[in-house]
Amino acid sequence: MISRANNITIGVLALQGAFAEHIDHLTTAADSLQTQPINVIPVRTPPELDSCDALVIPGGESTAISLIAERTGLLAHLMDYVASEKPVWGTCAGLIFLAKQVVNGKPNQQILGGMDIQVHRNAFGRQLHSFEAPLDFSSFIKDVIDFPTVFIRAPVISKILENAESESESESELTTIISNNTYKNKAPLQILHQLENGFIVAVKQGSKLGTSFHPELVSDTRFHKWFILEFVLRE
Ligand SMILES: NC(=O)CC[C@H](N)C(=O)O
């Protein structure tokens, strides 16, 4: 773990969705880790974004986040931010926003293109809009065998795009959105968790992390602690 002279700032994109819950969880997790001081701030403007050593993009509604980012002029700054080496974690709508391709997107929806993944919006269908399940994450978070995950109209990672970059799906009637960002994430893509039905719900690619579910909506802060230790304070 590196020890930085200055305080660390983690930003939470606060345009729409569950940003307050992420701020609470990151603050609690940082306090309990008792490392160097960590500030957690809401991000709505380019100067706020520039002050962040890491960024969390919350769940909510990805089309609304995209629209507000465009209207407020933050979108291009966010594209530059994901193209840096700085850690970025997207949860649910944030995972959609972080992807390079989105199936079942809205035609004018913008995405940041930070990870080589295709994400399928609302993949669990109407009959299963929301559910909760304890999942075993001990393969990547020590001793976490029963993390309470919450899925709300959740997306899944439908395809890993490494080595298949220019490919765009035409297998369905659904609209596939492709990011305008020319950034190429060079790190290998790791699947962190796959459900029993094969759906991929957590991935990592270098300094970028994406999860389909909402760790900020349960009282457990172990996922946020792991993000701080493994991504924000990484060597
Ligand atoms: N809980 C969520 O973040 C849902 C994501 C939402 N279905 C979207 O498309 O943005």
Side-chain angles (χ1 to χ4, degrees), residues 11-26 42-44 55-72 74-75 78-79 82 88-115 117-135 147-159 161 168-169 172-181 192-193 195 197 199-203 208-220 223-224 227:
V12 180
L13 189 64
L15 302 180
Q16 192 269 340
F19 54 86
E21 290 84 348
H22 267 301
I23 292 173
D24 282 354
H25 274 52
L26 288 164
V43 170
R44 298 187 179 91
L55 181 71
V56 175
I57 307 175
E61 175 50 52
S62 58
T63 53
I65 294 174
S66 152
L67 194 68
I68 300 167
E70 263 191 297
R71 286 194 182 154
T72 58
L74 196 59
L75 185 69
L78 287 165
M79 288 204 180
V82 301
V88 181
W89 174 19
T91 60
C92 205
L95 164 70
I96 297 170
F97 202 34
L98 197 49
K100 191 165 267 185
Q101 284 187 16
V102 173
V103 175
N104 198 18
K106 288 269 161 64
N108 50 3
Q109 182 172 0
Q110 301 288 327
I111 49 175
L112 300 177
M115 297 183 84
I117 48 174
Q118 181 192 72
V119 171
H120 192 131
R121 265 182 88 225
N122 302 334
F124 292 91
R126 285 181 181 280
Q127 74 284 15
L128 206 58
H129 266 163
S130 304
F131 63 99
E132 297 184 23
L135 295 181
F147 193 85
T149 55
V150 177
F151 291 80
I152 304 169
R153 296 183 67 238
V156 297
I157 295 108
S158 40
K159 198 179 210 182
L161 296 171
S168 92
E169 284 293 295
S172 73
E173 312 268 292
L174 303 172
T175 306
T176 299
I177 308 299
I178 299 174
S179 174
N180 296 326
N181 199 348
L192 297 177
H193 196 86
L195 300 180
N197 66 4
F199 282 1
I200 301 169
V201 295
V203 285
K208 311 293 185 277
L209 172 67
T211 55
S212 298
F213 49 88
H214 288 268
E216 77 285 12
L217 296 185
V218 293
S219 58
D220 197 320
F223 213 100
H224 288 76
F227 173 71

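Please read these numbers as outputs of a predicted model, since none were measured by experiment. Order of listing sets the numbers, starting from 1, for every ligand and every atom in it. Hydrogens, waters and symmetry mates are skipped; everything else that's a heavy atom, side chains included, is used.
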Can you find a pair of side-chain heavy atoms, one from L98 and one from W89, that are under 4.5 Å apart? no
Any non-hydrogen side-chain atom of V218 less than 4.5 Å from a side-chain atom of F223? no
Residue set satisfying ring-ring contact (aromatic ring centres under 6.0 Å, His included) with F19, at least two apart, ordered chain then number -> none
N/O donor to acceptor pairs below 3.5 angstrom from side-chain atoms of residues 106-113, sequence neighbours left out:
unit_1	atom_1	unit_2	atom_2	d
Q109	OE1	K106	N	2.9
Q109	NE2	S62	OG	2.9
Q110	OE1	N180	ND2	3.1

Compute the centroid of each ring, for F151 and then for F199, and state whether the two points are separated by less than 6.0 Å. no
Any salt bridge (charged side-chain N to carboxylate O under 4.0 Å, His left out) involving residues 55-70? Give me the pairs, sequence neighbours left out, ordered by first then second residue. E61-R121, E61-R153
Identify all N/O pairs between ligand 1 and the protein with a separation under 3.5 Å and present them as a table of atom names and distances.
unit_1	atom_1	unit_2	atom_2	d
ligand 1	1 (N)	I152	O	2.9
ligand 1	1 (N)	H214	NE2	2.8
ligand 1	3 (O)	G60	N	2.9
ligand 1	3 (O)	G60	O	3.1
ligand 1	3 (O)	A93	N	3.0
ligand 1	7 (N)	N122	OD1	2.6
ligand 1	7 (N)	R153	O	3.0
ligand 1	9 (O)	S62	OG	3.3
ligand 1	9 (O)	R121	NE	2.6
ligand 1	9 (O)	R121	NH2	3.2
ligand 1	10 (O)	S62	N	2.5
ligand 1	10 (O)	S62	OG	2.9

